[in-house]
There are 2 protein chains.
Amino acid sequence: MAHNIDEGTTGERAYRRIRNDILQGRLAPAEKLKLERLKEDYGVSVSTLREVLSRLSSEKLVVAEGQRGFEVAPVSAEELKDIASLRLLLEVHAIAQSFQSGDMEWEARVVAAHHKLAAMEEKKKAEGSPDIETWKRYDWEFHQALISACGSRELMETHGAVFDKYLRYQMLALTDRGEIAAREHRQLMELALKRDAAKAGDVLKAHITGGLAHALAAGRIV
Amino acid sequence: MAHNIDEGTTGERAYRRIRNDILQGRLAPAEKLKLERLKEDYGVSVSTLREVLSRLSSEKLVVAEGQRGFEVAPVSAEELKDIASLRLLLEVHAIAQSFQSGDMEWEARVVAAHHKLAAMEEKKKAEGSPDIETWKRYDWEFHQALISACGSRELMETHGAVFDKYLRYQMLALTDRGEIAAREHRQLMELALKRDAAKAGDVLKAHITGGLAHALAAGRIV
DNA sequence: TCAATAGGTAATTTCAAAAATATATGATGA
DNA sequence: TCATCATATATTTTTGAAATTACCTATTGA
């Protein structure tokens, strides 16, 4: 998910920074993106910005209307539900494929990713919330590991894009199901090793719809 | 799919033209996209081109590696299979949803879209291949109409993106299952009116895997 | 003969300013 | 007072050129 901070061209770096700022809510939904201001904030020229914003508008994280410039994509409960259900569709299917053809390397990836995630969740329970950003990354990496043997690059990339949008809502809602999510993560890992795709699908459904309900209940998303 | 030819900014027009040229194979897979040449061909400046190509690289129709410029995304039998199976997953699901909640307006859209497509297929059978581009557009519009009552904007957009990539392969393979595809289209329309999502799923599976096999058999895709 | 390197050329990337477009402000007349 | 139009300002869009980076070729030394 996160690449080295100063890897690639200036444009790529700006792309990653701005994308992250949208995902983390530092650039608020529906906020107008004035080029002059962004130029200051990110230290790049307008042409480069434009390149970055075009790319983000392809990913629907930014909307670009006519010749009225760019703004951060708005959020809505409607879209959140939509995204959650699409994520569920893709991830359930990918898990089934993955459980079928996963080898030992895959099992190792799943166990490793879960280990990191579980450690983070444990730490969070103890000390409060240390580093939301890396915690969310571990969450991403765990779910990615689960489906990493599905055998379809297209499926994984599409899932990744949807997951990121889902993550944005989670960050905006500032919601956290703590131990419940942690238990579900453990269940998913165990079911992966048992290759029980059907049960894993059920758990994932609960995981996602639970997270969705929790985010909606927080009331920060209209 | 196709918007008015001179709608929007210069950049948007160039975007549509280049995108179309990739989808139609006029810009060949893995072809290097030299900015100087494109500048001539499309009559826009390098910065504008760069904006367009960035956007297309988000859609994976163009690849942009490091500071070595852009090239048209390559094709492979592997990716084609991948795309076909993702399209099937999304479209079967969307059809089920759509059949469940489609109203009379939806039925009318389906019938209308099928009418245009069938007329084109009839004409093609009679006169050879008149206008591949509009024929493919009618195909797109028909499948889009079928799922247009699925209730999920995300699902429709994702499906649209995948469908376009699938279409690119069809154009490259120059394959045509003619009457078989036409019969399947008719069946899909009839099953839509009968709200028989299960059978429609089967027909769609045959439709897509048949098209896939036909394209691969043409041997133009390595 | 081969590898390594230096120099030159071609391409990409980035920038800052000009052109085009939209938004805000104020004046005029009903 | 209100709507309409003209002017001015702000913002976006597009351009062309400077800075950077990659690529090719030839020369040197082993």
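Numbered from 1 within each chain, the chains take letters A, B, ... in sequence-line order. Keep in mind that this is a model prediction, so the values were computed, not measured.
- Taken residue by residue, residues 36-52 of chain B places heavy atoms nearer than 4.0 Å to DNA chain C at B:Ser47, B:Arg50.
- With salt bridges taken as basic N to acidic carboxylate O contacts below 4.0 Å, none links B:Arg109 and B:Glu105.
- Residue order along DNA chain C, read from the 5' end via each residue's closest nucleotide, puts A:Glu12 first among A:Glu12 and A:Gln67.
- Following rounding to the nearest Å, A:Phe70 (CZ) and D:dT11 (P) show an atom-to-atom distance of 15 Å.
- The CG-C1' distance, from B:Leu35 to D:dT20, rounds to 14 Å in whole Å.
- Summarising the geometry, the separation between NZ on A:Lys32 and C1' on C:dT23 is reported as 11 Å, rounded to the nearest angstrom.
- To the nearest 0.5 Å, atom CD of residue B:Gln24 and atom NZ of residue B:Lys136 are 10.5 Å apart.
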Self-check item: Residue pair B:Asp176, B:Gln170: steps toward the side-chain contact (heavy atoms from CB on, under 4.5 Å) verdict
Solution: CA-CA 8 Å; B:Asp176 175 15; B:Gln170 290 230 332; over 6 Å; no
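- Rounded to an integer number of Å, the gap from CZ of B:Arg68 to P of D:dA22 is 8 Å.
- At whole-Å resolution of the value, CG in A:Leu53 and P in D:dT11 are 16 Å apart.
- For A:Glu157, the CD atom counts as densely surrounded, since its 6.0 Å shell holds more than 12 non-hydrogen atoms of other residues, nucleotides or ligands.
- In terms of heavy-atom proximity, B:Leu155 sits nearest to B:Ala94 at CD2-CB, 3.7 Å.
- Side-chain N or O atoms of B:Asp21 include none that pairs as donor or acceptor with a backbone N or O of B:Arg26 at under 3.5 Å.
- Rounded to a whole Å, the CD atom of A:Glu65 is 12 Å from the P atom of D:dT12.
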